Amino acid sequence: MAPKPGSFSTSIPYEEKKLKIVGTEPADRPDAVDKVTGRARYAADYNLPGQLIGKVLRSPHAHARVLSIDTAAAEAVPGVKAVVTRDDFPDMAVEHAASGELMINFKDVTRNMMAREKVFYDGHPVAAVAAVSESAAKKALKLIKVEYEVLPHVIDVEAAMQSDAPILHEDQFTKGVDPTPEKPSNIATRIESKLGDIEAGFDQADLVIEREFRTKPVHQGYIEPQASIANYTDGGQVEVWTSTQGHFVFRAQIAKLLQLDMSKITVTAAELGGGFGGKNNVYLEPLAVVLSRKSRRPVKMVMTRDEVFRATGPTSGTHTKVKIGVTKDGRITAGQAELNYQSGAFAGSSVPMAAITVFTRYDIENVLVVGHDVTCNRPKVAAYRAPGAPMIAFGVESVLDELAEGVGMDPVSFRLKNAAREGTQTHYGPKLGPIGFVETLESAQAHPHMQEKLGPNQGRGVATGFWFTLGKETSATLNVGEDGTVNVIMGTVDVTGGGRSALAMVVAEELGIPTEKVRVKSGDTTALGFNFMTAGSRGTAAGSMATVKASRDAIQKACEVAARIWEVETEEVVWEDGHARPASTNVGDFEPLSLADLARRAGALGGTIAGHAELDVAMGGPGFGTHIVDVEVDRQTGAVKVLRYTLVQDAGKAVYPKFIEGQFQGGAVQGIGMALNEEYIYSEKGTLENPGFLDYRVPVASDVPFINTEIVEVPNPMHPYGIRGIGEVPIIPPIAALSNAIYHATGVRLRDHPLSPPKVLAALDEAAPAIAAE
Amino acid sequence: MDALPEFQVLHPTTVDEVVAARKEHPHSRMIGGGTDLLVNIRRGIEAPPVLIDTGDLQELKTVEATADSITVGASVRLTELAQHADVQAHYPVIAEAAESIAGPTHRNMGTVGGNICLDTRCIFYNQSEWWRTTNDDCLKTTGSMCHVAPKSDGVCFATFSGDLAPGFLLFDGEIDLIGPDGRRTVALQDFYTGYARQDGSTGDGKNYMAIQPGEMVLRVRGKNTPGLLTAYDKVRIRRSIEYPVAGCAVALKRDGDTLSDLRVAFTGTNPRPVRLDGTEALTGGPLTEETFTALDDLCKDQLMSMKTTFTPGHYRRRVATQMAKRLVQRLFDEGA
């Protein structure tokens, strides 16, 4: 299930040494000022001479057969230069590829970007128009006549799994079931992960608790809507500037979907206004390219917020069951879980990833995890920061909280007793290497937060999270300028904003020069070898592996230049503290040469100093975190106020600690929002009722307290600096931590997300007679 | 977000110029901060060809608040009202209400006139053009049916959610208007007409203000009563940048152990701000459980629980009532 490193994957073993730059605070963040003053260029800020505006006609139905599309009237609108429908795109056969943390299938990708036989959700593209103005394009959209045969639809995951549910794909038969069923089903795949003997495990338990949980779909909520501008030249060159987490992957997808040579396509990743996994998939790009080809003009397309919510990937709505058994003395003997995850219109939810995380924080000998990937009439889900993990952590960590209470242990000690450590056998495959989970629990237990007194209607909740660090293809190039300053071209997208700083610090550390002398920029797809997208917390972890390698390559060249100046062998030169020095006194008595000295003279001594790396970075460095939250519940309104929040996480090595704190805080805040008030609300007709930030309620500053953070550092043995991915873990525990805190404040357990005021109040009402009876 | 359609913006500097402009452009709309109107224009709910900006009308930018009365010009920004020392001293309910509106940036732009005239809201109305078309345009726009109450037979239940109106209603507020036929003053209680057939009149969520074509709001006023204690509270799902789930303004007077005056008003529940009828009957004695039960009954009678927001209607009515009770208790205790 987990992506496995290939035999040619690169890992550079941990090098224990004193670091001078990594782990400090750089003087500035090179992207920050331009973002604050509005000078940073996001995809929607790009314009080309003669450009047209493209708009998409979307399905008003949750499920319907597309009988016919008549574009004649739209094409006749003055100013309209091109109209495209399913007929303008080649059909694709079944072919799977990785796209971020989820898998895609090109047969589905082409149908998702432009409906073919059927529309599968409200917002599914049916046609696209390019015109000289947005108003002309919108006028044309209204004149496109689409004849639909409306079909019954199904949105909720449990409903979609019923045998009499409306079926989305007549050719979809559940995989992973033996024998393969003869009847089509919305259950695309059943997966299973097993360890030990589950029945025996429950037999050993003194206390077994089994619960059901439900979560609503939530959106990544990035502030920048998807935007693309494409130019298909008469000479057959394709240029695309777009909002993406992985321009190389987008290039590959555009090439595949439009049957073009990759070499003719240049994709540039614009400054990114948030992605969180939601910008791992093409939506507008192929449409803009084809509209440009057809109109022979550049075409710019920008989604409205409505379109972002209706048609770009939210995460799965889920239904989960969790059953865990413990002995009287608090040892977990068995863990069982069923994960039913919506994948939306097409198969491919995060359930395989989520299944990896279910019990991986704990050392449990007997485990059974079953997952179902379920199609339903909603947008195809996309990755969202630790895809799928927060929902199952909600279930597992809630049940653990009940069990801890049941055996009379405090929540942290109970988790410590069962915590995974180096050597723990996971239920999905590998044994864990050195990890920092225990350290996060111990730090949490010792944190001053734990000593804060709680008042009436206040409660404290604890929960934990685990996520892995993706490696994959990563390239970097480093060019030393004639003045000794350094440009680094990275091939990943800086999705967080601090990634460029972190990589600059790594290069500065390697070269022995100040961080300010290093500038890191994302190159377009012609600048480097293939780079996988920034996903799976790999930005800094994998990116720095490539920059370390490229730096060492450049140092080798710098040493060659020094050797030529000194007329000695390259092996007789060493690089120390930013200078080439003779390897020993035997080599000769030479003054050390700085990178600037060497760069100035390199031109005539063999050429510019540069370094390259093209790697398949090995996956490694799992990340663990523990969260503590205090809440106060208003028993009359059901409102939950977050009073205090503390997060402890293992970063392996914090390259840029302030920025890591920011990542921790951002993840926790997204998790708090997900927990409390975010949810997709569908009408009976299957249309999304709250496609906007006013009614899709992400938290604002007034909703969250300061998030205290603590960084634990247990080095990742597969990385020279010990770096682990850190971006995703912080979003995993909040739903569970908040739910546990609400329980400790009120005596009521919530198992139905979101934990919004009306739901909390209803749960308090329901529990009132029982609590009164006690 | 959708692009704005084309429109012309006028910047008159006197009220008379506004009246003339309104006459010349009958389909024009007044714009203060635009925090409500621009969203509706972007959503294609309306497309006024001319916007008349009230930002340069100096005569409408004054706040006068004394122990006896309060007068606030329509162009006063919400931030200024919230931070005005005299308003905070004599009319805390109004300062608190102003401070609670949306977020700081909205309050820096939004005006008192805009909040008093705030458009009513509904999940079937505050949606983009495609959404409304897909869902059979509702009564408040071009449709023939209220989707919240399909059997309403032409009555719109869109909800009023301005935060300032309840406070002014407690002070028997009045509103000064100017239009083609000159100036007039209307009691705030009569200005809001969204009874939605509660009283047999024709006002509803669509026709919620007694404002005539070409008229504009100049000022809103209120009269104080010595010894009145006041406060505002509201329930929001998110703590800012959010319309109220329900808002509640309370004014009361305590003489010894006697509740001698009680006024309660709400927003966010009905197509109009509701000044609760019948609170006088709860005065003249101590504050007891019976007082709260009676208050409960008044709320049940007069507050609606229509599903015009994503927060269930019965929840809104319930928390509105709870807020009223809490505020009454709090102010009564403060009056001891």
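Computed from a predicted structure; not experimentally measured. The basis for the numbers below is simple: all heavy atoms, side chains too, and nothing from hydrogens, waters or symmetry mates. Order of the sequence lines fixes the chain letters, A, B, ..., with proteins taken first and strands second; residue numbering starts at 1 for each chain.
The line from CG of D695(A) to OG1 of T309(B) is 8.5 Å long, rounded to the nearest 0.5 Å. To the nearest 0.5 angstrom, R326(B) atom CZ is 5.5 Å from T637(A) atom OG1.
Checked for salt-bridge contact, R318(B) and D765(A) meet the test: a charged N lies under 4.0 Å from a carboxylate O.
Enclosure of atom NZ in K307(B) by more than 12 non-hydrogen atoms of other residues, nucleotides or ligands within 6.0 angstrom is indicated.
Put simply, the side chain of I237(B) reaches to within 4.5 Å of the side chain of P758(A), judged on heavy atoms. Using a 4.5 Å heavy-atom cutoff, the side chains of Q636(A) and K325(B) are not in contact.
Taking L694(A) as the reference, R121(B), R238(B), Y243(B) meet the side-chain contact (heavy atoms from CB on, under 4.5 Å) condition, with sequence neighbours excluded.
Distance alone, capped at 3.5 Å, is enough to place a donor-acceptor pair between the Q127(B) side chain and the E689(A) backbone. Remark: side-chain polar atoms of W131(B) are paired, donor with acceptor, to backbone N or O of L688(A) under 3.5 angstrom.
Looking at V308(A), neither its backbone nor its side chain comes within 4.5 Å of chain B, counting heavy atoms on both sides. Residue R58(A) does not touch chain B at all, counting heavy-atom pairs closer than 4.5 Å. If you measure heavy-atom distances from N677(A) to chain B, the contacts under 4.5 Å come from the side chain alone. Heavy atoms of S135(A) lying under 4.5 Å from chain B are absent altogether. Using a 4.5 Å cut-off between heavy atoms, K142(A) contacts chain B through its side chain alone, with no backbone atom that close. When heavy atoms are compared at a cutoff of 4.5 Å, V704(A) does not approach chain B at all.
Within residues 101-108 of chain B, no residue has any heavy atom closer than 4.5 Å to a heavy atom of chain A.
T134(B) and T687(A) share no side-chain donor-acceptor pair at under 3.5 Å.
Ranked by non-hydrogen atom pairs under 4.5 Å with chain A, the options P312(B), P5(B), S128(B) are led by S128(B).
Nearest heavy atoms, P691(A) versus W130(B): CG-CZ2, 4.3 Å.
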